[in-house]
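Have a look at the structure below before the remarks.
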Amino acid sequence: MTLTINGNAMDVPETVSSVSDLITHLELGSKRLVVEVNQEIIDKSMHAEQQLTNGDRVEIVHFVGGG
Amino acid sequence: MSHNRYSRQTLFSPIGETGQEKLKQSHVLIVGAGALGTSISEILARAGVGKLSIVDRDYVEWSNLQRQQLYTEEDAQNRIPKAVSAERRLKQVNSEITIQGHVADVSVEEIERYITGVDLIIDATDNFETRMLLNDASQKYNVPWIYGGCTGSHGLTFTVIPEKTPCFACLLGAIPMSGETCDTVGIISPAVQMVTAHQATEAFKILVGDYDGLRNTLLFFDLWKNEQASIKVASMQKKECPSCGDSPSYPYLNKENQTRTAILCGRDTVQIRPPHMFERDLSTLKQKLQRLDGKVEANPFLINLSIDNQRMVIFKDGRVLVHGTKDITTAKSLYNRYIGG
Ligand SMILES: [Zn+2]
């Protein structure tokens, strides 16, 4: 399916069906994240449950420490 | 004022003459004088913020010059503490305002001292532990702060207004493992400037009192990948948050939770802080170290000791940086061997 991630269209493989899958796919699993799907923040506890569908707008932000 | 130096800024109507006067009456604390800190302090100094306090624990190195805009080759050559060099340069930029540089590591004692009379704190640090400390101090003393972070070509920023927005702990949860903060992916200067452009604009809004104009989102960008996200995070505020919740305990202002040693981000360096603040007698120490079989270089602010293929930098405020190691035990044993106590 195709998702819009941080403003850019991205094709993700069949194996990605939940927010957790997407995080793994993007190799962000070890990071502190804020995830929003269609303008709704998805709490960390819901990442495995939250399913994604074609055309969803996803924002994924990871905290960085540099400065 | 006679030189009309702020005319282009007062023409900008959201600031105007009234806002300019408010900037002049403001005191901003900038924690960190690396890439973010040098960029934003130059913006705020040129804009005429009346008082700037800049705190930094480090000294200038060659690898800083690519993006840390207040420093020169001479600063790197002479290992001038960043807070000293930043103060010197900013005073040349704007002599009509008050600028104070402090060579110090910001921990509990320091933040409680420096926050007095401050209208706003700018985060220009390079680690999450200090940010959590700023976050707790912000809530306890009711002073807003603006988070900024960047690595590679991406960055993010968020403005924390006590009692109005979620705090940083609400957004972040716990401190990430050190491996995630001390990255080795480098940084390009535009990512720095993008973060400080947002931080400085939010700072202006706060200082002139335009709270309705604040962005109210967690902003993320990646300049190389052309990504952008701006997320409304109001719903992330937690009632049970130990920093901003109903019964806050400000855990990061508890001295027992503070580490006395820290691994500096991407530097292969361990910092050791003595348990209490004191002023080290550098000239006596220099004489003592010169009797060893090493090389001692000094400036008025620090001593650089090279010995046994190791290098240590000893600051007047008591801290020691042990270079060439990420191992705290190794660093401590070198500290005890050559400096003691
Ligand atoms: Zn909070």
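Side chains included, hydrogens not; waters and symmetry mates left out as well; all remaining heavy atoms used.
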Measure centre to centre between the rings of B/Phe168 and A/Phe63, then say whether the value is under 6.0 Å.
->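 Yes, the ring of B/Phe168 comes within the 6.0 Å limit of the ring of A/Phe63, centre to centre.
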Is the number of heavy atoms from other residues, nucleotides or ligands under 6.0 Å of B/Trp224 CH2 greater than 12?
-> no
Between [atom1] on residue [X] and [atom2] on residue [Y], distance to nearest 0.5 Å:
X: A/Ile41; Y: B/Met236; atom1: CD1; atom2: CE; result: 5.5 Å
X: A/Asp43; Y: B/Lys238; atom1: CG; atom2: NZ; result: 6.5 Å
X: A/Asn6; Y: B/Phe221; atom1: CG; atom2: CZ; result: 12.0 Å

Check whether [X] gets within reach of chain A through its side chain, its backbone, both or neither, counting any heavy atom under 4.5 Å.
X: B/Ala124; value: backbone
X: B/Ser235; value: side chain
X: B/Val233; value: both
X: B/Ala174; value: both
X: B/Arg67; value: neither

Locate the shortest heavy-atom distance separating [X] from [Y]; write the atom from each residue and the value.
X: A/Gly66; Y: B/Leu36; result: O-CD1, 4.3 Å
X: B/Ala229; Y: A/Glu59; result: CB-OE1, 3.3 Å
X: A/Val64; Y: B/Cys150; result: CG2-N, 3.6 Å
X: A/His62; Y: B/His154; result: NE2-NE2, 3.3 Å

Under 3.5 Å, side chain of A/Arg32 to main-chain N/O of B/Gly173, donor-acceptor pair present?
-> no
Determine yes or no for a side-chain-to-main-chain donor-acceptor pair under 3.5 angstrom, with A/Asn8 supplying the side chain and B/Lys225 the backbone.
-> yes
When A/Val61 is tested against each of B/Leu171, B/Leu219, B/Leu218 for side-chain contact (heavy atoms from CB on, under 4.5 Å), which residue passes?
->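 Exactly one pass, corresponding to B/Leu218.
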